[in-house]
K.L.:
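Dropping the structure in here first, questions after.
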Amino acid sequence: MARGVLSFPLTSFHDDGTLDPDGFRAHVAAQIATGPGALFPACGTGEFFSLDEDEYRQVVTIAVEEAGGRLPVVAGTGYGWAQAVRFARIAEEAGADALLVLPHYLVAAPQDGLVAQLEQIAARTRLPLIAYQRGQVAFGVDAFRRVAEIPGVIGLKDGHSDLDRLQRLTLAAPEGFLFFNGASTAEIQARAYATVGVPAYSSAVHAFAPEIANAFFTALRDGDDGTVGKLLRDFYVPLVELRDRVPGYAVSLVKAAARLRGRPVGPVRAPLTDPSAADLADLERLLASGLDLVGADL
C-alpha cells in the first residue's frame, strides 16, 4: 500500500440525498485509473456515518467490482462492536479484502475497552482489520501490544500526529505490522510521519485532484524537496486554512472540489453542509492554482 497514494473515494448522492450508484461507480473507476495503492470505500471521506446497511452494501460491492482484484479494497466499519460486525459481514459478502475500524461514537473508554472492541470484531469476521486511532481512540504502548496480538489485526492508522507516541508504537510492533498516516490532509505531515517509519498515507486530495496528490507522492518518494515544499506552501497549507474555517469541511470541501471538476459525487449529507458561496469561490481559485502547479487544468 505504500507504493501509491491511498484513495478514499467519495460516496455519490443525488441532489435529493439518495444514493447515486452510477455516479459512485464512475468516480471509483476514475480513482482507480490514477493508480492508487489501495481503495478505502465507505470510510470517513466516504461518509460511512450517513450510510444505511443497504447503501453500504452497494458502495462496497461497486468498489470491489471496479477494483477487479487489481488493488486491495478496505471497507470502513464502526460504531459499537455489534453494529460494526453487521457492516463487516456485509463487506465480507461484497468481497472486500480488509476493514478499517473507524473510531467508535461518543463514549470515552479505557484502554482495556479499546482492546476489547477490536477483539469482539476480529472474533466475528474473516477479514483482516486495520485499527484507526483518532479522536477519543488512542492506544498506549501496552494496549497496542495487545491489539497487535489479536488474530486478524494487521495494521494501525494514526490520526493523532503525536509522533513521539507513534514512534513508540512502531518500535513495539511485530514484524510486518502495517502503519498508516491518517492525519487530516495527511500530506502536511507526510515527511514527519516517514521519519518514524510510517510512509503510507491517505489522501483526501486524491479524491478530487489525483494529479496533485500523485505529484506530491512522487516528489516525496524521490526526495524532491523543492517540489514537496512548493506544493505544501502554495496548495496544501492554504487548503488546510480553508478547511479549518467550518467544522466538517474536511469532507464538504473535498466533495465541492470534485464537483468543480465535473465529478458525479453530489452534495454531502447532514449533519455536514456544503461550502458557502464565498468559500466555494476561494476553493475554486486554490484548486485552479494547485492544478497549474503540476501542469493540469481545472
K.L.:
Establish, yes or no, whether a centroid distance under 6.0 Å links the rings of Phe235 and Phe216.
P.N.:
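No, the ring centres sit 6.0 Å or more apart.
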K.L.:
Decide if the gap between the ring center of Phe177 and the ring center of Phe144 is smaller than 6.0 angstrom.
P.N.:
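Judged by ring-centre distance (under 6.0 Å), Phe177 and Phe144 do meet the cut-off.
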K.L.:
Looking only at atom types and distance, does a side-chain atom of Thr125 sit under 3.5 Å from a main-chain N or O of Ala122, one as donor and one as acceptor?
P.N.:
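A pair under 3.5 Å: no.
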K.L.:
Is it true that Tyr193 and Phe179 have ring centroids separated by less than 6.0 Å?
P.N.:
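Between Phe179 and Tyr193, which both carry aromatic rings, the centre distance is not below 6.0 Å.
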K.L.:
With under 30° as parallel and over 60° as perpendicular, where do the rings of Phe8 and Phe40 fit, or are they tilted in between?
P.N.:
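Judged by the thresholds at 30° and 60°, the geometry between Phe8 and Phe40 is parallel.
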K.L.:
Arg25 side chain to Val59 main-chain N or O, any donor-acceptor pair under 3.5 Å?
P.N.:
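No, the answer is negative, given that no donor and acceptor are paired below the 3.5 Å cut-off.
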K.L.:
Within 45° of the axis and under 6.0 Å from the centre of the six-membered ring of Phe180, does NZ or CZ of Lys157 qualify?
P.N.:
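No, Lys157 does not sit over the ring of Phe180.
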K.L.:
What is the distance from atom NE2 of His27 to atom CD of Gln31, rounded to the nearest 0.5 Å?
P.N.:
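So the NE2 of His27 and the CD of Gln31 are separated by 4.5 Å.
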K.L.:
Going by distance alone, is a donor N or O of one side chain under 3.5 Å from an acceptor N or O of the other, for Arg134 and Ser184?
P.N.:
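Result is yes, a qualifying pair exists.
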K.L.:
Do Phe139 and Leu129 land in one hydrophobic cluster if side-chain heavy atoms of ILVMFWY residues count as linked below 4.5 Å?
P.N.:
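Yes, same cluster.
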K.L.:
Judged by modelled atom types alone, do Thr170 and Gln167 share a side-chain donor-acceptor pair under 3.5 Å?
P.N.:
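A pair is found: one side chain offers a donor N or O, the other an acceptor, under 3.5 Å apart.
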K.L.:
Decide if atom CZ of Arg221 counts as having more than 12 heavy atoms of other residues, nucleotides or ligands within a radius under 6.0 Å.
P.N.:
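More than 12 within 6.0 Å, yes.
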K.L.:
Quick check against the 3.5 Å criterion: does Thr227 have a side-chain atom that pairs as donor or acceptor with the backbone of Asp224?
P.N.:
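No.
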K.L.:
Got a donor-acceptor contact below 3.5 angstrom from the Gln117 side chain to the Tyr79 backbone?
P.N.:
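Yes; judged by distance alone, with no hydrogens or angles, the pair exists.
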K.L.:
Can you find a pair of side-chain heavy atoms, one from Tyr249 and one from Val240, that are under 4.5 Å apart?
P.N.:
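No, too far: nothing below the 4.5 Å cut-off.
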